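Only one structure is covered here, and it is reproduced in the block below.
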Amino acid sequence: MPLESPSLLNPLWFLLFLLTTNAAVLTTTKTHVFKEAPKFYNSPTCPSLHNDSTVCSDVAVHVAMTLDAAYLRGSMAAILSVLQHSSCPENVIFHFVAAASTSNSILLTQTLTTSFPYLKFRVYPFGDSAVAGLISTSIRSALDCPLNYARNYLATLLPPCVCRVVYLDSDLVLVDDIAKLAATPLGPHAVLAAPEYCNANFTTYFTPTFWANPTLSLTFEGRDACYFNTGVMVIDLDRWRAGGYTNKIVEWMELQKRMRIYELGSLPPFLLVFAGNIASVDHRWNQHGLGGDNFRGLCRDLHPGPVSLLHWSGKGKPWVRLDTNRPCPLDALWAPYDLLQTPFALES
């Protein structure tokens with residue numbers, strides 16, 4: 001059930017969307033066909049949304065994700081996991097950001113509509129031109145995709161009435177109620193909450209050029225700066241807008257184009273702006289690194305402690321390893337959420 005957004009979707013996009021959402025029973029992207037997910041219902045204690053202002057409801061849990069063909073299979077699994085484990089799944093509203101310059105954008109919307117016919121969502125086109133001149137090559141080409149930087153612009157892409165959003169990467173699944181994550185306290189000043197890892201060597205996220213510069217090296221002075229993962233965040237969009245944080249991130253990206261101060265894609269600008277000034281998300285909400293490192297993607301074990309979210313950050317993705325018959329043991333935890341329609345199921 002896509003939510004109408006005439007102000008956010010141009011007339012051509014909206015017309016094509018209407019034409020294509022009714023064009024097929026099965027959903028395909030390239031060679032992928034996805035099954036229809038079951039419908040999930042609210043528990044009796046869930047508050048009801050007002051249909052006339054659903055997208056602006058402060059009762060809803062707002063979830064933002066990017067949407068592209070390369071990671072669509074992961075996105076579908078993530079969506080299913082959110083709905084399956086939510087106590088109020090009908091109160092979850094998804095905000096998907098898709099690259100406006102790709103021909104697959106309409107097909108991606110169709111995929112959502114046919115596989116999740118009851119899903120409340122909007123799709124927001126994101127023009128590559130917004131960041132194309134700001135992206136520097138990183139250690140892994142997948143990190144250089146313009147859509148990876150869309151999280152920087154959520155405060156302007158989403159309607160102003162959306163005050164708080166949970167941002168999720170596409171390579172994860174939840175095994176707990178997302179409302180608990182969305183309720184993470186931000187305190188009186190924090191703009192966002194994310195899982196922090198203060199044992200990580202923070203200096204490695206920036207180049208020797210950065211640390212050798214007397215002015216730049218003072219950036220974190222007075223801040224207890226730690227690495228944090230931007231694939232799972234709770235963001236106060238009102239505070240973001242008021243503080244002009246998109247511009248602050250862009251300023252660091254512009255500096256990066258003039259002098260190489262980091263190597264790792266869209267993460268370092270977030271660290272430069274926010275590290276040391278965020279609220280912490282419990283590590284149970286980011287059992288991260290299951291995709292291995294950024295080079296080889298080797299198998300990894302779970303970290304000690306409880307688990308509410310499994311995150312295949314790193315090079316190795318579970319759907320790729322499963323397809324090549326080289327899965328890691330923990331990929332079996334992702335497989336139940338895979339909506340891919342197999343050839344055998346199609347024939348039957």
Side-chain angles (χ1 to χ4, degrees), residues 1-6 8-9 13-14 16-29 32-68 71-98 104-124 158-159 161-162 164-168 170 172-182 309 334 336-341 345:
M1 183 169 55
L3 303 171
E4 293 184 3
S5 178
L8 291 168
L9 300 180
W13 175 284
F14 191 63
L16 290 173
F17 168 74
L18 291 176
L19 291 173
T20 55
T21 50
N22 296 315
V25 175
L26 289 175
T27 305
T28 63
T29 55
H32 288 169
V33 181
F34 294 96
K35 296 175 286 188
E36 181 178 322
K39 183 178 181 180
F40 298 94
Y41 296 90
N42 281 355
S43 64
T45 58
C46 293
S48 60
L49 300 183
H50 298 295
N51 291 330
D52 58 342
S53 60
T54 300
V55 76
C56 292
S57 172
D58 55 5
V59 173
V61 173
H62 294 273
V63 179
M65 300 176 65
T66 57
L67 201 65
D68 70 330
Y71 282 81
L72 183 60
R73 190 170 166 190
S75 301
M76 301 289 277
I79 297 165
L80 177 59
S81 74
V82 168
L83 298 174
Q84 183 170 322
H85 296 285
S86 174
S87 57
C88 302
E90 294 175 282
N91 291 2
V92 179
I93 299 176
F94 285 87
H95 303 266
F96 298 108
V97 183
N104 277 339
S105 294
I106 302 300
L107 191 54
L108 296 176
T109 302
Q110 179 190 347
T111 301
L112 291 171
T113 305
T114 55
S115 288
F116 296 99
Y118 305 102
L119 191 70
K120 296 181 177 70
F121 72 93
R122 282 186 180 180
V123 176
Y124 306 83
L158 273 58
C161 61
V162 179
R164 175 181 284 224
V165 69
V166 178
Y167 175 83
L168 297 175
S170 296
L172 54 77
V173 294
L174 278 76
V175 292
D176 202 346
D177 191 344
I178 195 169
K180 299 177 185 176
L181 174 60
L309 183 151
W334 180 89
Y337 303 97
D338 187 9
L339 285 174
L340 185 70
Q341 186 84 283

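The model shown is predicted, which means the values in this text are computed figures rather than measured ones.
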I want to check something: taking the side chain as every heavy atom from C-beta on, are [X] and [Y] in contact at a cut-off of under 4.5 Å?
X	Y	answer
Thr111	His32	no
Leu339	Ile79	no
Pro47	Asn91	yes
His85	Ile178	no
Tyr124	Pro159	yes
Leu67	Leu72	yes
Val82	Phe40	no
Asp176	Leu181	no

Distance-only, no hydrogens or angles: does the [X] side chain make a donor-acceptor pair with backbone N or O of [Y] under 3.5 Å?
X	Y	result
Ser43	Ser87	yes
Glu90	Asn42	yes
Ser115	Glu36	no
Ser81	Ala78	yes

I need the single residue from His95, His62, Arg122 that forms a side chain to side chain contact (heavy atoms under 4.5 Å, CB included) with Leu158. Which is it?
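It is His95; the other options fail the test.
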
Trace of the side-chain contact (heavy atoms from CB on, under 4.5 Å) decision for Val175 with Tyr337:
CA-CA 11 Å; Val175 292; Tyr337 303 97; 3.7 Å; yes

If you take all heavy atoms of [X] and [Y], which pair is closest and at what distance?
X	Y	answer
Gly74	Trp334	CA-CZ2, 4.2 Å
Phe116	Met76	CZ-O, 3.7 Å
Lys35	Leu340	CE-O, 3.7 Å

Phe96 and Phe94 aromatic ring geometry - parallel, tilted or perpendicular at 30°/60° bounds
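Aromatic pair Phe94/Phe96 classed parallel.
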
